[in-house]
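In this text, all values refer to a predicted model and were calculated from it rather than measured experimentally. Basis for what follows: all heavy atoms, side chains included, without hydrogens, waters or symmetry-related copies.
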Amino acid sequence: KSARNIFTLNADDSVRLHVRKSIFTVNCGEPIRNRLLIMFLRDTAVVYGDEQRTKQEHTFNFEIFHNMLEDSTVLGPDFFCYDITLLLNMLDESYCGGVLNNVFVTTSYLREYHYEKQKNNGFYHIQALNLPFQNFEFYQK
């Protein structure tokens with residue numbers, strides 16, 4: 001059973017991310033240097049790397065330092081909030097009709113940690129599919 005949530009977004013929709021503040025201290029001794037990493041992808045296949053792996057096509061990355069995030073008025077003091085509506089609208093030209101888009105959310109330090117673990121451990125590389133990185137998928141209308 002899939003745990004995926006797929007949405008259809010309209011031009012007038014507003015989309016806000018709510019991120020636990022504690023995530024910025026995971027594998028990071030200096031949270032002031034950590035950034036919220038938002039990666040935009042679409043389900044069009046590309047082949048890359050020495051392994052010639054087929055992956056989703058990346059369209060855009062966006063980073064914001066965590067100290068620039070606002071507290072979430074919806075989920076409380078343990079969460080930050082960031083409005084990604086403008087980012088989604090900016091990317092409108094990169095969307096393909098009928099193609100599933102994916103917004104992947106993590107921190108810069110967790111992403112670096114993931115790549116370091118993947119490089120040093122083949123078993124981790126296989127298990128990386130089950131990591132709890134946050135993402136949502138959508139069709140642009």
With sequence neighbours left out, write down each residue that passes side chain to side chain contact (heavy atoms under 4.5 Å, CB included) with R16, or none if nothing qualifies.
S14, H18, C81, D83

Going only through I, L, V, M, F, W and Y residues with side-chain contacts under 4.5 Å, is there a path from I64 to V19?
yes

Atom CG of L87 and atom CG of L17: how far apart are they, to the nearest 0.5 Å?
9.0 Å

Going by the rule side-chain hydrogen bond (donor to acceptor under 3.5 Å, both in side chains), which residues pair with E57 if we only count those two or more places apart in sequence or in a different chain?
R42, T44

Verify the cluster assignment for L69 and L110: are they in a single hydrophobic cluster under the rule of side-chain heavy atoms below 4.5 Å apart?
yes

Under the salt bridge (Lys or Arg N to Asp or Glu O under 4.0 Å) test, which residues partner D43, sequence neighbours left out?
none

Any residue meeting side-chain hydrogen bond (donor to acceptor under 3.5 Å, both in side chains) with R33, in chain and number order, not counting sequence neighbours:
E30

Across all chains, not counting sequence neighbours, the salt bridge (Lys or Arg N to Asp or Glu O under 4.0 Å) partners of E63 are R35

What pairs of residues pass the salt bridge (charged side-chain N to carboxylate O under 4.0 Å, His left out) test when at least one of them lies in residues 68-77, not counting sequence neighbours?
K21-D71

By the rule that ILVMFWY residues connect when side-chain heavy atoms come within less than 4.5 angstrom, directly or transitively, which residues belong alongside L75?
V74, F79

In one Ile/Leu/Val/Met/Phe/Trp/Tyr side-chain cluster, 4.5 Å: I32, I23:
no

Listed by chain and number, what are the side-chain hydrogen bond (donor to acceptor under 3.5 Å, both in side chains) partners of Q52, not counting sequence neighbours?
none

Could you list the residues that satisfy ring pair (Phe, Tyr, Trp, His ring centres under 6.0 Å) with F80, not counting sequence neighbours?
F24, H66

Between A45 and T54, which heavy-atom pair has the shortest distance, and what is it?
CB-CG2, 3.6 Å

Applying side chain to side chain donor-acceptor pair (under 3.5 Å) as the test, list every pair that has at least one member in residues 73-82; sequence neighbours left out.
none

